[in-house]
Amino acid sequence: MRVLRQETGMVLLLVLVVITLLAALVTELAFSTLVDLRLTETFRDSTRAYYLAKGGVRAGMSILQRDTNGYDAPGDPAELWSMGIVQYPVGDGLVSVQIEDLAGKINLNTLVASDTSNVNTVVKARVLRLFELLEIKDADSLTAALIDWQDTDDRVYVDPDTGQASGAEAGHYLQLDEPIRCKNGPLESLDELQLVRGFSPELNRKIAPFVTIYGTDKININSARVEVLMALSADPEISRDAAESIIAQRKKEPFKTLNALTWLNDIPSLANLDRGPFTVKGNVYRIESQATVNDGARRAEAVVAKTGNQLLYFKVD
Ligand SMILES: [Ca+2]
Ligand SMILES: [Ca+2]
């Protein structure tokens, strides 16, 4: 009897173990099925968000094509592109688009005339002043390294003012722990700056709002930030007060034509300022499009030229 009771006990225990295992298996299976289903849904939503984000860029491009008023002044009621698109519902999703005029930034690729070793001393002075305004250390050697990175020759840049060889060519880059080639050509992205001697991700973040690698050396007076305006001229100096007056004025009335720049005469210190560096419109814009569909979220970034409706850069995260 005792043996029988023991055997019965053992069987009961086995049954219990099997039931527990089965239950665990069933739960696991149900869970996996749920996960698979969720993954499919997420994939579907993510894919839809991807196309929606891409569509946002297309929408941004077409808004820009409709802007033909001859000036670009973010915030002006006539400048629809600058309003962007905020959380616009499309099907199950939402899309937001922001457009930024890059002509308000200093184009680092104009430091050296393309495919040459000819330094644009006006732009060089601008970059130097900007770095100094942003309290960036070693502005001289950073600017020189940026020149050498772009110019076609392999001679280290010697600053004509100081006589110092402060740049960096192949001799520097080939001696790194992980040697790289000196580009000797224009920057293809702002991220590429991190390869240039002295630049770091932190420095990149600091200068990113003020610089670009696209467009011309002209600065749009309607969209430049205070620091960019201040960096434009050393003689006469554009003081912070003067730059802020320009910004206050353009909020009242954008500079719609180059003739409107005569307003600058109203600021006594700027009466003799060279109007040459200025423009009142852009041609290259950065479009950022963010889309969500349920749990799926994607972000697209593009750089486009208005002339010819050209896509210069495109990335979807
Ligand atoms: Ca416009
Ligand atoms: Ca070079």
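All residue numbers in this chain count up from 1 along the given sequence. Atoms considered below: every heavy atom in the structure, side chains included; atoms not considered: hydrogens, waters and symmetry mates. As the structure lists them, so they are numbered: ligands from 1, and atoms in each ligand from 1.
- Follow the hydrophobic side-chain contacts under 4.5 Å out from V156 and you never reach V127; the two are in separate clusters.
- Closest N/O/S atom of D72 to the Ca ion (ligand 1): OD1.
- To the nearest 10 degrees, the Ca ion (ligand 2) sees O of D148 and OD1 of D151 at an angle of 90°.
- For Y88, the OH atom is loosely surrounded, since the number of other residues' heavy atoms within 6.0 Å does not exceed 12.
- At the Ca ion (ligand 2), the angle from O in D153 to OE2 in E169 is 80° when rounded to 10°.
- At a threshold of 3.0 Å, the Ca ion (ligand 1) has a backbone or side-chain N, O or S atom of N69 nearer than that distance.
- Within a 6.0 Å radius of CD in E237, other residues, nucleotides and ligands contribute 12 heavy atoms or fewer.
- When the shell of 6.0 Å around OH of Y51 is examined, it contains 12 or fewer heavy atoms from other residues, nucleotides or ligands.
- Distances from the Ca ion (ligand 1) show that E79 has an N/O/S atom below 3.0 Å.
- Applying the side-chain contact (heavy atoms from CB on, under 4.5 Å) test between N118 and each of D115, T121, T116 identifies T116 as the sole match.
- Taking the Ca ion (ligand 1) as reference, the nearest N/O/S atom within D67 carries the name OD2.
- Using a cut-off of 4.0 Å between Lys/Arg side-chain N and Asp/Glu carboxylate O, K306 and D101 are scored as not salt-bridged.
- For the Ca ion (ligand 2), the N/O/S atoms of Y157 include none lying under 3.0 Å.
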